[in-house]
Amino acid sequence: MRWITALLIWLLAWPALTQVQGVMLDEPLDLPPFAFTNTDLDEGRTLIMFGFLSCPDICPFTLGNLEAIVTETGMRVRPDNVPNVVVVSVGPERDAAFVSEYAKFFHPDFTSFTGTRDQIYALIEATDSFYRLMKPDHTGYYEVQHYSSVSVIAPDGTLRAKLQPPFDPAQIAEFLARLQISYRKELAQ
Amino acid sequence: MRLLPVLAMIIAPAAAMAEGVKIEDAMVPLAPPGMMAHAAYRKLTNAGDATCQLIGVKAEGYKTAHLHQSANAGGVATISVVDQIEIAPGQSVAFEHGGLHIMLMHPVDVAKESDIVNLTLLFADGEALSTPAKVMHLHHDES
């Protein structure tokens with residue numbers, strides 16, 4: 001009887017397990033130093049998301065999910081291994097005044113910042129990301145197309161993985177916990 | 001006929017009816033600071049006999065509002081304006097995260113939790129349908 005139950009659980013869980021939640025890089029990728037932030041990417045684990053403050057749908061939804069992901073991950077790893085969430089606004093001209101308040105709205109520990117176009121571009125390049133500012137309307141409002149994946153940075157400042165929508169909190173937390181185990185193994189070698 | 005939506009809202013406050021169109025679950029997630037635009041969501045069902053064409057939206061307290069569609073194409077988040085949404089009889093259209101939504105732009109005041117944003121949906125036949133949308137905290141498990 002027991003193996004039938006186990007098989008049933010496995011079959012029920014299978015569709016969820018097959019959905020890709022994150023992709024681990026084969027080799028860690030070094031990132032250039034970023035001087036435009038108080039957030040030190042070399043401290044702890046960092047999840048980086050690109051967006052803009054007036055993003056009506058995708059960014060608030062992703063941040064809501066990241067809040068849940070951080071909570072779920074907190075149940076699986078040591079407190080000092082819970083990732084920091086960093087939002088980088090790709091619209092500095094419009095967002096600079098409010099950017100420090102933005103991420104805090106979703107979680108008190110989240111941080112958000114912006115920089116010069118060159119600095120943003122360097123980080124976009126280094127994380128193999130993308131953004132494009134669209135043509136402004138008559139009110140000056142412009143839309144932004146941007147990369148929707150979240151980059152995972154290890155404590156050594158290297159890019160390790162990408163998280164992808166739909167950002168299921170429990171599955172991403174599992175992915176991040178596994179990522180930490182392989183990182184520790186690597187350190188122990 | 002003008003009285004019908006009002007009457008329906010008194011009878012069933014959660015759902016508004018006009019010309020056979022039913023609106024459910026209208027909500028506006030509480031917006032973060034510094035934004036010029038945020039979104040409203042709800043579900044529309046055409047319970048009437050004729051196809052209805054949604055062509056626009058107005059929102060009280062905002063300079064402009066649009067029908068919008070988000071998409072995630074090849075890992076890139078994009079947004080586009082939708083000119084018209086056809087709803088066949090018996091069909092429902094959900095405005096939800098990552099898809100159709102009402103884009104609320106240039107708020108006059110910052111909306112607080114539990115505030116009501118009155119949305120007016122405009123149809124091709126000239127009908128207008130109003131619905132209150134409650135401002136609430138967005139929780140991931142309500143997606």
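A, B, ... follow the sequence lines: proteins, then strands. Residue 1 opens every chain.
Between B:His106 and A:Tyr141, the angle of the ring planes goes over 60°, which puts this pair in the perpendicular group of the 30/60° scheme.
In this structure, chain B has a heavy atom under 4.5 Å from the side chain of A:Arg94, while its backbone stays farther away. Using a 4.5 Å cut-off between heavy atoms, A:Tyr147 contacts chain B through both its backbone and its side chain. Neither the backbone nor the side chain of A:Tyr131 comes within contact range of chain B; no heavy atom of the residue lies under 4.5 Å from a heavy atom of that chain. Only the backbone of A:Val144 comes within less than 4.5 Å of a heavy atom in chain B; its side chain stays farther off. Neither the backbone nor the side chain of B:Ala40 comes within contact range of chain A; no heavy atoms are under 4.5 Å apart. Using a 4.5 Å cut-off between heavy atoms, A:Glu101 touches chain B through backbone and side chain atoms alike. For B:Leu30, the parts lying near chain A are the backbone and the side chain together; criterion is any non-hydrogen pair under 4.5 Å.
Looking only at side-chain heavy atoms (C-beta outward), B:Ile79 and A:Pro56 come within less than 4.5 Å of each other. Within the 4.5 Å cutoff, no side-chain heavy atoms of B:His38 are placed close to those of A:Pro60. In this structure, the side chains of A:Thr139 and B:Lys63 stay at 4.5 Å or more apart for every pair of heavy atoms. Counting heavy atoms from C-beta outward, A:Asp137 and B:Met105 have side chains that approach closer than 4.5 Å.
Across B:Gly98 and A:Asp57, no two heavy atoms sit closer than the pair N-OD2, 2.7 Å.
Hydrophobic cluster membership is shared by B:Leu129 and B:Val93, with clusters built from Ile, Leu, Val, Met, Phe, Trp and Tyr side chains linked at under 4.5 angstrom. Residues A:Ile58 and A:Leu63 fall into different hydrophobic clusters, defined by Ile, Leu, Val, Met, Phe, Trp and Tyr side chains chained together at heavy-atom separations under 4.5 Å. No continuous path of hydrophobic side-chain contacts links A:Val77 to A:Tyr183 [ILVMFWY only; heavy atoms under 4.5 Å]. Taking hydrophobic clusters as Ile, Leu, Val, Met, Phe, Trp and Tyr residues chained together by side-chain heavy-atom distances below 4.5 Å, A:Val88 shares a cluster with A:Leu29. If you chain together hydrophobic residues whose side chains sit under 4.5 Å apart, A:Leu123 and A:Leu25 fall into the same group.
Of all the listed residues (B:Ala31, B:Ser70, B:Ala77, B:Ala39), the one sharing the greatest number of non-hydrogen pairs under 4.5 Å with chain A is B:Ala77. Note: A:Ser148 leads A:Ala97, A:Ser148, A:Cys55 in heavy-atom pairs under 4.5 Å with chain B.
A:Phe61 contributes atom CZ, which lies 12.5 Å from atom NE2 of B:His101 (distance to the nearest 0.5 angstrom). Note: B:Thr78 OG1 to A:Arg132 CZ = 10.0 Å, rounded to the nearest 0.5 Å. Here the CD-NE2 distance, from A:Glu143 to B:His68, works out to 5.0 Å after rounding to the nearest 0.5 Å.
Under a cut-off of 6.0 angstrom, the local environment of CG in B:Asp49 is sparse, with at most 12 non-hydrogen atoms contributed by other residues, nucleotides or ligands. Counting heavy atoms of neighbouring residues, nucleotides and ligands inside a 6.0 Å radius, atom NZ of A:Lys162 exceeds 12 of them. The number of heavy atoms from other shown groups lying within 6.0 Å of CD (A:Glu93) is above 12.
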